[in-house]
Amino acid sequence: MNRLFQKYSISILVVFGLIFRILFYFFNQNVLLTNDSQTYIDLAKLISSGSINGYFGGRSPGYSLLICLLGNSTQLVVLFQMIIGIISSVVWYKILKLFNFKTFISLFISLFFSAFLHVLSYEHAILIESINWFVMMLLFYYVLKNQILASAFCLAILVLLKPFYIYLPFVVFSFFVYNNFEWKTIIKQKLILLVLPFFVFISWSYVNFLNTGFFVSSTYFGLNKIQNCVNFIEKAPDEFNWIKKPYLKQRALHTENGLGNPMCIWYAVDNGNFAYKNMTFPQLSNEFGKCADATIKNNFGLYLKQVIFLSFKEFWKVEMVSSNSLETSSFINYIWKFQSVLLRSIKTIFLLLIPIYLFQFIKNRKFTIELLLVLIVLSTAVLQALVVYGSNARYSFPFEFIIITIVFLFIKNNFFSPKDEATFIK
């Protein structure tokens, strides 16, 4: 039976991947659009026009370039994301095989988890999560294969898609250098892991500087920072009363369980509360950043409380793109309830494994591939909590395959003796 699975493994993944997506299509035929979707579409239209002069700098061009290449058709984008969703399951299968899992176990994990409803919903949405999931898988496949140039290109693409990922090259570079420290190879080969992504990051920041006057990867940065202040914005310095008062007004309207909605500052902007300042959005966001810096500096304890107990905690949740057709289906809701509980349980186990892998490194001084994967997820969880409050679960989505892989890998390595592993690995 194992030989049969091994011979037709790719075919099984493709066929069942298609079946799952056809079944999902029966419940949702619509392209799922969110507030973020429109900003990607707008940039794609600008790129199609041949000029992005005057662009406000909110989004990086990676995902919008894809939309542009697909003729600005959201239906084609969804179709493309469904195709790479199937390919992602194949790449995940190959990653598990590189970790010496048995063919059947590799097939089951990659097929079962890549067919979760939130994975399929992201494929139907004009959002970057599905593309990030795919490129992230490619990155770690090439890291496992020790292919540095291919890894560097994946890192550059990730930064082009989401500049937030600029920290990733440092972690991957550290892994390669630690395990093979030679100045000659660092300069000739490994340095490309830093150079290529930073070239992308700096180039886009410079484009934003030309268009807005601010050398930033995204002009949303200041607005994102002040979102972190939603629950203590009343402590902002008086010089920022013009920001504080509209912010507090929206917080009073959008408070649940004593906590302000992270979107409050967005509501204040959308309602034109700052129109009297006659600022462009980049200028306004820059002022938000100044206000956030001053407020956080004077209330660092409250900021840390926000980071640890709200933003960091939210990262480990599971989120599906909302849709009326999905939410009204009892069958879908039952399935999603089971899947979300299962995935949250796996994420909880992963959290408990983090100190174990860190202790093993301190004890053995070995920078293993497992530790690299753990550090990637941990650094993402910490950094996103420091800079963003709101939709934090979306930050964890592209890393869920790592979380699942590490948990199953730990089980294989620690709960199966070498004799028993014949039933678990090839």
Side-chain angles (χ1 to χ4, degrees), residues 34-36 38-39 42 55-60 162-164 205 208-209 211-315 317 319 381-395:
T34 68
N35 291 333
D36 289 348
Q38 193 58 51
T39 56
D42 290 342
Y55 178 60
F56 81 102
R59 299 296 179 190
S60 54
K162 195 180 186 76
F164 170 79
S205 297
N208 281 338
F209 174 73
N211 282 329
T212 69
F214 298 99
F215 191 85
V216 291
S217 59
S218 170
T219 53
Y220 283 129
F221 188 53
L223 190 146
N224 288 334
K225 281 201 293 185
I226 205 170
Q227 277 184 268
N228 276 307
C229 305
V230 64
N231 293 305
F232 54 94
I233 190 61
E234 64 274 11
K235 298 181 180 295
D238 290 340
E239 63 184 287
F240 295 107
N241 279 342
W242 64 278
I243 294 175
K244 179 165 54 175
K245 289 180 179 179
Y247 203 163
L248 286 171
K249 182 180 178 181
Q250 289 299 322
R251 194 180 73 178
L253 295 172
H254 304 281
T255 298
E256 186 176 346
N257 299 324
L259 296 174
N261 189 309
M263 295 298 292
C264 286
I265 189 63
W266 293 81
Y267 299 145
V269 173
D270 291 341
N271 290 336
N273 292 120
F274 308 104
Y276 65 93
K277 283 288 184 179
N278 198 28
M279 292 181 178
T280 64
F281 176 80
Q283 291 171 333
L284 182 60
S285 184
N286 185 58
E287 292 298 316
F288 286 160
K290 292 177 183 178
C291 177
D293 290 340
T295 307
I296 290 169
K297 181 181 178 180
N298 296 332
N299 303 275
F300 197 68
L302 292 174
Y303 169 67
L304 283 182
K305 182 180 178 181
Q306 157 83 34
V307 167
I308 297 169
F309 296 104
L310 292 177
S311 301
F312 185 79
K313 180 183 175 183
E314 290 289 320
F315 178 85
K317 291 186 177 181
E319 186 178 275
V382 172
L383 290 173
Q384 62 84 38
L386 291 171
V387 300
V388 175
Y389 174 45
S391 299
N392 298 79
R394 278 172 54 184
Y395 277 80

*Apply the test side-chain contact (heavy atoms from CB on, under 4.5 Å) to residues Gln250 and Asn273: give CA-CA distance (whole Å), side-chain angles for both, the deciding distance (0.1 Å), then the verdict.*
CA-CA 10 Å; Gln250 289 299 322; Asn273 292 120; 4.0 Å; yes
*Is there a side-chain contact between Phe214 and Phe221 (heavy atoms, below 4.5 Å)?*
no
Scan the side chains in residues 301-313 for donor-acceptor partners under 3.5 Å anywhere in the protein, sequence neighbours excluded, and list what turns up.
residue	atom	partner	partner atom	Å
Tyr303	OH	Leu386	O	2.6
Gln306	OE1	Asn231	ND2	3.3
Ser311	OG	Val388	O	3.3

Name each donor-acceptor pair under 3.5 Å that joins a side chain in residues 282-291 to protein atoms two or more places apart or in another chain, with its distance.
residue	atom	partner	partner atom	Å
Gln283	OE1	Thr280	N	2.9
Gln283	OE1	Thr280	OG1	3.3
Ser285	OG	Thr219	O	2.5
Ser285	OG	Gly222	N	3.3
Ser285	OG	Leu223	N	3.1
Glu287	OE2	Lys290	NZ	3.3

*Is any side-chain heavy atom of Phe274 closer than 4.5 Å to a side-chain heavy atom of Val269?*
yes
_Positive for side-chain contact (heavy atoms from CB on, under 4.5 Å) with Asn261, one of His254, Arg251, Glu256_ = His254
_Reported NZ-to-CG distance for the pair Lys235 and Asn298, which is rounded to 0.5 angstrom_ = 10.5 Å
*Side chains of Thr295 and Asn299: closer than 4.5 Å at any heavy-atom pair?*
yes
_Under 3.5 Å side-chain donor-acceptor pair for Trp266 and Gln227_ = yes
*Is there a donor-acceptor pair under 3.5 Å between the side chain of Thr39 and the backbone N or O of Asp36?*
yes
*Could you please spell out the steps behind the side-chain contact (heavy atoms from CB on, under 4.5 Å) verdict for Tyr267 and Leu253?*
CA-CA 10 Å; Tyr267 299 145; Leu253 295 172; over 6 Å; no
*Identify the heavy atoms of Phe315 and Tyr395 that sit nearest to each other, and give their distance.*
CE1-C, 3.7 Å
*Check whether any side-chain heavy atom of Leu248 sits under 4.5 Å from a side-chain heavy atom of Ile233, and report yes or no.*
yes
*asked:* Is it the case that the side chain of Lys244 and the backbone of Ala236 share a donor-acceptor pair, with hydrogens and angles ignored and the cut-off at 3.5 Å?
replied: yes
*Any donor-acceptor pair under 3.5 Å from Tyr247 side chain to Cys229 backbone*: no
*asked:* With a 3.5 Å distance limit and no angle check, can you tell me whether Ser218 reaches the backbone of Gly58 through a side-chain donor-acceptor pair?
replied: yes
